Amino acid sequence: MSDEQTFTRRCATHDVSTGDRARMAEMESNFRSRTRIAEADLSVTIPVAFVHIVDGDMGSITQAQRTEQMEVMNKAFEPMRISFRHDENEVVEINNPDFFTMGHGSLNERNCKSQHQVISPQKGLNFYTANPGGGLLGWATFPHEMAGDPDMDGVVMKFGTLPGGDTSPYNLGLTAVHEVGHWLGLYHTFQDGCFGNGDEVVDTPSHAGPNFGKPEDAGQPWNACNPSEACPIHNYMNYVDDDWMNEFTQGQIDRAWAQIGMFRRDLLVSTSRGAVTPGMVPDLGEEIAW
Ligand SMILES: [Zn+2]
């Protein structure tokens, strides 16, 4: 029997409330003017630990898939001067049918992450694979949430989204790029639609809702709020097909660095795992409490 199923990209990363986004925008603005972190030209390597939840034979991920996933992430984040590395000694496979189908925000998710976190969330990324169901491809936690709830930090990915997986057209590893974008503090480009401050990034035109598939850029505004602007139809933080995603904007890069400086600054400290920042890290001041 054919197991054909059509997927539409769905990400379960929760919306940050309007009030919290406004507060965040003010904090970020203050932090950036004080530290000039976006201008500091820093680079960083982030250690990644893979936690593969399986149900018997289902959900296994090969070393080749991990390697390819890291290559996809490294290519996407290169303009951000962020790279990722993983150590095969920090790969675990957990056979647990309940955790395998964990839903976003479920008790199974909390139990799974509490019991199987591999790397300290201050020092790296816990990358979980599972089969959440409901058409969800993945989700992430935001940087400002880590201090208050470190157990939950990380990204959860439907296992078929990794390169070579079975969730075509979302099986080239770009879901991980999208979710790691959230993990570094980015919102969807269609955040708030045509209302409010959108994704808090000035160079991603606001648009009414997600774009799907492979919208061709024939000068159409698609669902851009301002018809003279073009939708960010190739942006990693939109909902287009994997092979249509190829862009972070300068505004997104600057925002991610501010978020690292505010809430993930331990990534900037050299460790034996190679999270090294060449050059001068500006004085980041006191720990930012969310
Ligand atoms: Zn998302």
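Whatever order the structure lists them in is the order used to number ligands and atoms, beginning at 1. What you see is a predicted model, and the numbers here were worked out from it, not measured in a lab.
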Excluding Tyr239, membership of its hydrophobic cluster (Ile, Leu, Val, Met, Phe, Trp, Tyr; side-chain heavy atoms within less than 4.5 Å) reads Phe190, Phe212
field: Sidechain-backbone polar pair: Glu68 side chain, Gln63 backbone, donor-acceptor under 3.5 Å
entry: no
Given a cut-off of 2.8 Å, the protein N, O or S atoms lying below it from the Zn ion (ligand 1) are Cys11 SG, His178 NE2, His182 NE2, His188 NE2
Self-check item: Polar contact flag, side-chain donor to acceptor under 3.5 angstrom, Asn238-Asn211
Solution: yes
Is the count of non-hydrogen atoms from other residues, nucleotides or ligands lying under 6.0 Å from Asn197 atom CG greater than 12? no
Just by distance, no angles: are the side chains of Gln65 and His52 close enough, under 3.5 Å, to form a donor-acceptor pair? no
| Residues Trp139 and Glu109: side-chain donor-acceptor under 3.5 angstrom | yes
